[in-house]
Amino acid sequence: MGLVFLNTFTRKKEAFAPLEPGKVELYTCGPTVYDFPHIGNYRTFLFEDLLRRYLKYKGFSVVQVMNLTDVDDRTIAASRKEGIPLSEYTARYSKAFFEDLKTLNFDLAEHYPAATEHVGEMVEIIQKLLKDGYAYESGGSIYYKISAFPGYGTLPHFKPDELKAGARVAADSYEKEEVGDFALWKAWDEKDGDVFWETPLGKGRPGWHIECSAMSMKYLGDRFDIHTGGVDNIFPHHENERAQSDAFAGHPVVKYWLHSEHLLVEGKKMSKSLGNFYTLRDLLTKGFAPPAIRYALISVHYRLPLNFTFEGMTAARGALERLYDFQRSVKNAKEAREGVEVGHAIHKARETFEQEMDDDLNISGALAALFDFVRETNRLIISYGLSPKDKEKIGEFLCKLDSVLGFLKEPSVSIDLQVEKLIAQRNDARSQKDFARSDQLRLELEKMGIILEDTPQGTKWKKRL
RNA sequence: GGCGGCUUAGCCAAGUGGUAAGGCAGAGGUCUGCAAAACCUCUAUUCUCCGGUUCGAAUCCGGAAGCCGCCUCCA
């Protein structure tokens, strides 16, 4: 069985076959750079990172585009409130975003286009939509006419007339022919301040959805393989984007739609008013290590709501410590003659890992394969030790898995002189069998986050994650 | 009101007809000066509940309850 994804468009698991063999074109909806992204954003971005990494693991060459939304109601309002230019405002949060990507060990996408740099492309699409009868002008703005697009509502599984019964109705609906119609181009108004473009469409700014149509087609062409985002984007954003792109191209543009579920915090939707709203930086401040955060956000299947809790963070930390301890055990294992067992264990683990990941990125099964491998290998280490060749094979295997997981490399830590001295003092105390003193020093170090292990090869230390 | 999803041990979670993976936490043991790590053993006769289909169901069907999401700019 090969790679299978659940396609939101069909609601079915489908065998993955890229348009061009060996190559995958991937469009992933990126952040609106108006604030520090929260861990829910990163849950989705990490799902996309896992997807990208696994596609590469499978041997595909991947071209990924992640857009940066740097003009919309929120960015305009926030920059005006601060009294600084929009570009200066969004640059601040773009920078923070890329810092976070580095912190969480993202495998970077090929393109991170910004909306404000693609207004020309957006205008071109809108002009064609106008010409082809998919759009109309009203009050200086331009709207997409959803009734002109057959199959509108297929992605979110709505019928257009069901939208009218919806609870919320846009405030400016009087300008539109139908409530479901949405803005492609927004005429300038006072609230926009100095944020506008003078274009053949008039003075104004683009609507939200059009940027993704423009940037996806610019970098990936008018047919590409996978489009992803959070479930909240299914409607309206992705459906509207689909309506625009497909009408423009004259055929379906996206082959597979994948959506990740949201993250909850302590069982509740994350919100600033509930005080359960966390950015990546908040978690770092609380002392959680980046790989543990990555583990926690990636280890629940992307189509399941992830209930983020501090208990869960602690569990993630524990699991990772086991993986790091294992790698140390491998390194320090006593020398043994080469056997076939390690080869078998690796083979089995790899098969299971791939089989699980092939099934719509079943990360739980894939991680179980890894942990089974850890236990099996630990047994071998206890009974026999490892040959240098086996150590090498294990290292290569873990490295291969880490090209997908991205959290297996323990962050390098250095200890300061004081800690080094305490460890030396404790060793002295131990060699003189002054165990009271030795235990006291060990406790002291533990409070500093340094864990000691007395092994036949001497005392080893590690830093708590 | 409409549409959709979820409910498996203290917590997270895999498992889509054949008798409950894995992780964290916990208990006991081996090892250790004591620990830590590791290993071994144990921790759900049972999968929200009630019916049904079947030789057999966590898995399929029907019903109920609870939680959650979307229904026009929130990943």
Side-chain angles (χ1 to χ4, degrees), chain A residues 11 28-32 37-48 69 72-74 146 153 156-159 162-171 173 176 179-183 207-209 228-237 239-240 259-264 267-271 295-296 299-301 303-309 311-323 325-326 328-329 332 352 356 362-372 374-375 378-379 381-383 430 433 435-436 438-439 442-443 446 451-456 459-462:
Chain A
R11 301 254 167 165
T28 50
C29 269
T32 301
H38 53 67
I39 54 175
N41 296 119
Y42 286 116
R43 197 271 163 113
T44 294
F45 300 151
L46 282 169
F47 142 63
E48 289 153 352
T69 300
D72 78 325
D73 293 355
R74 288 178 296 171
I146 59 166
H157 298 251
F158 294 154
K159 293 190 183 76
E162 286 170 355
L163 294 176
K164 292 176 189 170
R168 283 195 266 166
V169 176
S173 60
K176 300 189 265 182
V179 284
D181 293 348
F182 57 91
W208 174 33
H209 318 296
T228 67
V231 282
D232 57 307
N233 275 335
I234 295 172
F235 189 84
H237 182 51
E239 185 58 354
N240 290 349
H259 292 95
S260 65
E261 255 299 338
H262 275 180
L263 170 148
L264 303 172
K268 297 221 165 58
K269 190 167 177 169
M270 185 164 55
S271 76
Y295 184 100
S299 60
V300 174
H301 189 262
R303 281 191 289 103
L304 236 46
L306 188 163
N307 187 14
F308 180 90
T309 62
E311 194 182 351
M313 267 312 302
T314 307
R317 175 153 65 189
L320 257 195
E321 265 172 359
R322 176 165 166 83
L323 294 173
D325 286 337
F326 169 67
R328 263 191 293 272
S329 306
N332 298 327
T352 308
E356 296 293 348
N362 188 347
I363 189 70
S364 304
L367 288 176
L370 171 59
F371 282 105
D372 283 339
V374 166
R375 184 178 314 98
N378 273 331
R379 279 189 204 129
I381 290 173
I382 289 174
S383 312
R430 274 191 85 219
K433 304 232 185 280
F435 294 122
S438 148
D439 289 352
R442 183 169 61 196
L443 199 67
E446 200 184 319
I451 311 291
L452 297 184
E453 295 180 18
D454 299 322
T455 74
T459 299
K460 307 226 187 284
W461 64 271
K462 65 177 177 184

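Naming: A, B, ... by sequence-line order, numbering from 1 per chain. Just so it is clear, the model here is predicted, and its values are computed rather than measured.
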Next on the checklist: Tell me which nucleotide, if any, is Watson-Crick or G-U wobble paired with B:C60 when both distances must be under 3.5 Å.
Outcome noted: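 Its partner is B:G52.
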Next on the checklist: Under 3.5 Å for both donor-acceptor distances, Watson-Crick or wobble: does B:C70 have a partner, and if so which one?
Outcome noted: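 B:G2 is the nucleotide pairing with B:C70.
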Considering only [options], which nucleotide approaches the side chain of [X] most closely?
X: A:F235; options: B:C71, B:A35, B:C73; result: B:C71
X: A:D232; options: B:A21, B:C34, B:C74; result: B:C74
X: A:F435; options: B:A36, B:A37, B:G33; result: B:G33
X: A:N362; options: B:A14, B:C39, B:G2; result: B:A14
X: A:A315; options: B:C34, B:C24, B:A13; result: B:C24
X: A:D454; options: B:C34, B:C11, B:G22; result: B:C34
X: A:V300; options: B:G22, B:C39, B:A13; result: B:A13
X: A:N233; options: B:A36, B:A75, B:A14; result: B:A75
X: A:D439; options: B:C70, B:A75, B:G33; result: B:G33
X: A:F371; options: B:G22, B:A36, B:G10; result: B:G22

Item to check | Sidechain-backbone polar pair: A:R43 side chain, A:P305 backbone, donor-acceptor under 3.5 Å | outcome: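 Here the side-chain-to-backbone pair does not exist.
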In whole Å, what separates the [atom1] atom of [N] from that of [M]?
N: B:G23; M: B:G4; atom1: P; answer: 37 Å
N: B:C31; M: B:A37; atom1: C1'; answer: 10 Å
N: B:G15; M: B:A57; atom1: C1'; answer: 13 Å
N: B:A20; M: B:C42; atom1: P; answer: 14 Å
N: B:U59; M: B:C3; atom1: C1'; answer: 25 Å
N: B:A35; M: B:U45; atom1: P; answer: 33 Å
N: B:A44; M: B:A13; atom1: C1'; answer: 14 Å
N: B:A58; M: B:U7; atom1: C1'; answer: 11 Å

What nucleic acid atoms does [X] come within less than 4.0 Å of, heavy atoms only: base, sugar-phosphate, or nothing?
X: A:G312; value: nothing
X: A:R328; value: nothing
X: A:K269; value: base
X: A:H262; value: base
X: A:L452; value: base

Checklist entry - Do the ring planes of A:H237 and A:W208 sit parallel (below 30°), tilted (30 to 60°) or perpendicular (above 60°)? => result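 Ring orientation, 0 to 90° scale: parallel.
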Atom [atom1] of [X] and atom [atom2] of [N]: how far apart are they, to the nearest Å?
X: A:D72; N: B:A75; atom1: CG; atom2: P; answer: 9 Å
X: A:R74; N: B:A75; atom1: CZ; atom2: P; answer: 5 Å
X: A:M270; N: B:C68; atom1: CE; atom2: P; answer: 16 Å
X: A:L264; N: B:C68; atom1: CG; atom2: P; answer: 9 Å
X: A:R43; N: B:C74; atom1: CZ; atom2: C1'; answer: 16 Å
X: A:N332; N: B:C31; atom1: CG; atom2: P; answer: 22 Å

Item to check | Intermediate values then yes/no, salt bridge (charged side-chain N to carboxylate O under 4.0 Å, His left out), A:R322 and A:D325 | outcome: CA-CA 5 Å; A:R322 176 165 166 83; A:D325 286 337; over 6 Å; no
Next on the checklist: Tell me every residue that passes side-chain contact (heavy atoms from CB on, under 4.5 Å) with A:P156, counting only those two or more places apart in sequence or in another chain.
Outcome noted: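 Listed in chain order: A:F158, A:I234, A:F235, A:E239.
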Checklist entry - Checking side-chain contact (heavy atoms from CB on, under 4.5 Å) for the pair A:I363/A:F47: CA distance, chi angles, key distance, verdict? => result CA-CA 10 Å; A:I363 189 70; A:F47 142 63; over 6 Å; no
Checklist entry - Should A:T228 and A:H259 count as side-chain neighbours, where that means a heavy-atom distance under 4.5 Å? => result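 No - every pair of side-chain heavy atoms lies 4.5 Å or more apart.
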Next on the checklist: Looking at every non-hydrogen atom in both residues, tell me the closest pair between A:G180 and A:I146 and how far apart they are.
Outcome noted: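 Scanning both residues completely, I find the closest heavy atoms to be O-CG2, 3.6 Å.
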